[in-house]
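Report on the structure given below.
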Protein chains: 2
Amino acid sequence: MDTEVARARALDAAEELFYGRGIQSVGMDDIRGTSGVSLKRLYQLFPAKEQLVEAYLQRRDERWRQRLAEYVDRHTDPVERLLAVFEWLRESCAEPGFRGCAWINSYGELGATSPRVLAQVRAHKQAFKAYLAGLVGDAGLPAPLGDQLFLLAEGAMVTAGMEASPAPADQARRAAELLLAAHRWRETDRETADPGRAAGCGDAGVRRR
Amino acid sequence: MDTEVARARALDAAEELFYGRGIQSVGMDDIRGTSGVSLKRLYQLFPAKEQLVEAYLQRRDERWRQRLAEYVDRHTDPVERLLAVFEWLRESCAEPGFRGCAWINSYGELGATSPRVLAQVRAHKQAFKAYLAGLVGDAGLPAPLGDQLFLLAEGAMVTAGMEASPAPADQARRAAELLLAAHRWRETDRETADPGRAAGCGDAGVRRR
DNA sequence: CGACCGAGAGAACCGGCGTTCTCTACGGTA
DNA sequence: TACCGTAGAGAACGCCGGTTCTCTCGGTCG
């Protein structure tokens with residue numbers, strides 16, 4: 001068996017088992033059983049379990065972001081591209097075996113004890129946040145919206161996993177639409193009716209009833 | 001040592017260690033060392049580690065929701081009570097040793113293998129969501145806002161843990177204000193200018209540019 | 001054809017951990 | 001004082017899992 005094939009099978013098994021059961025609940029022998037790659041080969045490819053975990057998270061990150069980008073690229077309108085993120089999320093959450101965000105789960109389990117895992121988690125979240133920020137910028141919307149949409153997406157993935165339902169992704173999408181509209185209204189308000197308040201980007205415009 | 005005291009010390013140690021390091025990374029001997037409660041006593045109080053975990057999550061849930069309610073009860077205005085949730089979240093996230101949401105972390109680690117843990121996690125999230133729904137109802141705001149604020153809060157806790165910063169709680173608070181305003185405007189629009197669209201609660205009012 | 005290299009299967013090693021057991025000491029009681 | 005139940009300290013037990021080693025076998029090259 002080719003080295004590349006063995007590596008791919010090992011990572012396939014790692015993804016299936018680590019994501020489905022949690023990392024510490026899966027032994028290297030389980031990886032061997034599922035992948036068909038012998039222990040000897042496994043340890044040639046990955047000198048320790050931690051590095052298999054790292055490689056699993058990294059490959060999943062690449063694929064995850066690529067699939068997201070492909071889905072988003074089916075749209076050209078900048079606002080539709082933003083909302084497409086939540087549609088894609090909804091599809092992801094509805095897949096069988098969905099169990100929340102792989103990186104958040106890994107963080108809860110190993111974030112405190114494995115610096116390599118922690119680095120992978122942070123890198124993934126940072127990349128996702130940067131991607132959202134790019135979409136927000138392309139739509140000519142203010143940067144804080146990117147962070148807010150990021151929080152909605154995180155909450156949706158976590159909650160969809162725990163409730164075993166894609167409904168949170170729909171709720172997040174509706175919230176995203178409202179936030180979009182709110183930011184746009186605020187921008188136009190600022191330009192036309194009330195330019196003096198442009199500096200304070202806080203809650204001044206919201207509190208009044 | 002009194003039984004109640006031993007139980008409390010065991011749970012104190014469990015909370016400190018399980019939350020700080022993850023559950024599977026902490027052995028019963030660590031609990032003993034930190035709590036000063038002998039192994040024999042520990043197993044009299046909790047027949048197995050899983051039940052200590054369960055009790056830890058349950059007691060933390062009670063305290064967590066009580067502290068939240070106390071913070072919220074310092075306000076009387078219904079809208080301020082809603083926003084107080086995010087202020088309290090911000091304070092929680094800023095505490096030293098904050099490492100995200102204990103229940104989300106536990107879900108990632110044991111949700112797939114321990115039904116008792118899974119039940120605790122779901123119960124806690126359901127209770128928090130119900131509490132938010134109550135606040136939203138008290139403010140006379142539409143129910144979907146409760147779910148949306150819930151997602152923001154979840155995202156904020158998770159992200160604050162990973163980034164080791166309370167900033168996400170601030171971002172969530174601003175998003176909450178915008179969502180509140182959006183829902184209110186939509187309500188007034190519906191009553192005054194455009195009652196015919198009241199039935200469709202979807203995105204019709206947002207898409208138009 | 002024979003020596004060698006690499007790979008796979010599985011045992012072996014070693015430490016860790018959940019759980020139980022033993023031993024000792026102590027405090028209360030007749 | 002003698003007895004007894006209890007609690008704590010720590011060892012012991014069994015199992016599991018990460019990692020390494022051994023043995024065997026098939027293919028390759030001189």
Side-chain angles (χ1 to χ4, degrees), chain A residues 1-57 105-106 108-117 120, chain B residues 1-57 105-106 108-117 120:
Chain A
M1 193 191 294
D2 192 347
T3 296
E4 283 310 305
V5 175
R7 189 182 161 87
R9 289 204 189 166
L11 287 173
D12 289 345
E15 185 148 7
E16 174 187 341
L17 297 177
F18 288 157
Y19 179 71
R21 283 200 241 151
I23 293 168
Q24 312 218 57
S25 306
V26 172
M28 290 299 277
D29 207 59
D30 298 323
I31 302 285
R32 179 189 63 185
T34 300
S35 67
V37 176
S38 73
L39 276 181
K40 195 176 197 173
R41 204 92 118 99
L42 278 178
Y43 277 91
Q44 281 172 359
L45 294 164
F46 308 98
K49 185 186 183 183
E50 190 184 18
Q51 316 203 18
L52 174 59
V53 175
E54 194 182 4
Y56 141 63
L57 289 175
N105 291 350
S106 303
E109 195 169 353
L110 296 171
T113 54
S114 165
R116 303 177 91 112
V117 167
Q120 285 295 321
Chain B
M1 193 192 294
D2 192 348
T3 296
E4 283 311 305
V5 175
R7 189 182 161 88
R9 289 203 189 166
L11 288 173
D12 290 344
E15 184 148 8
E16 174 187 339
L17 297 177
F18 287 157
Y19 179 71
R21 282 200 241 151
I23 292 168
Q24 312 216 59
S25 306
V26 172
M28 290 298 277
D29 208 58
D30 297 323
I31 302 285
R32 180 189 62 183
T34 300
S35 67
V37 177
S38 72
L39 277 180
K40 196 176 197 173
R41 206 92 117 97
L42 278 178
Y43 277 92
Q44 282 171 1
L45 294 164
F46 308 98
K49 186 185 183 184
E50 190 182 18
Q51 315 203 18
L52 175 59
V53 175
E54 194 182 4
Y56 142 63
L57 290 174
N105 291 350
S106 304
E109 195 168 353
L110 295 172
T113 54
S114 165
R116 303 177 91 115
V117 168
Q120 284 295 322

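Per chain, numbering begins at 1; letters A, B, ... match sequence-line order.
Salt bridge present: B:Asp29 and B:Arg32 bring a charged side-chain N and a carboxylate O closer than 4.0 Å.
To the nearest 0.5 angstrom, B:Arg116 atom CZ is 5.5 Å from B:Glu50 atom CD.
Taking both residues in full, the closest heavy atoms of A:Leu42 and A:Ala10 are given as CD2-CB, 3.6 Å, listed atom of the first, atom of the second, then distance. Nearest heavy-atom pair, A:Phe46 versus A:Gln51, reported as atom, atom and distance to 0.1 Å: CD2-O, 4.0 Å.
Between the CD atom of A:Gln44 and the C1' atom of D:dT20 there is a distance of 12 Å, rounded to whole Å. If you take CZ of A:Arg41 and P of D:dT19, they are 19 Å apart, rounded to a whole angstrom.
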Practice problem: Scan nucleotides 10-23 of chain C nucleotide by nucleotide, 5' to 3', and note B when protein non-hydrogen atoms come under 4.0 Å of the base, S if they reach only the sugar-phosphate, - if neither. | Solution: B-------SBB---
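The closest donor-acceptor contact from the side chain of A:Gln24 to the backbone of B:Glu109 lies at 3.5 Å or more, if one exists at all.
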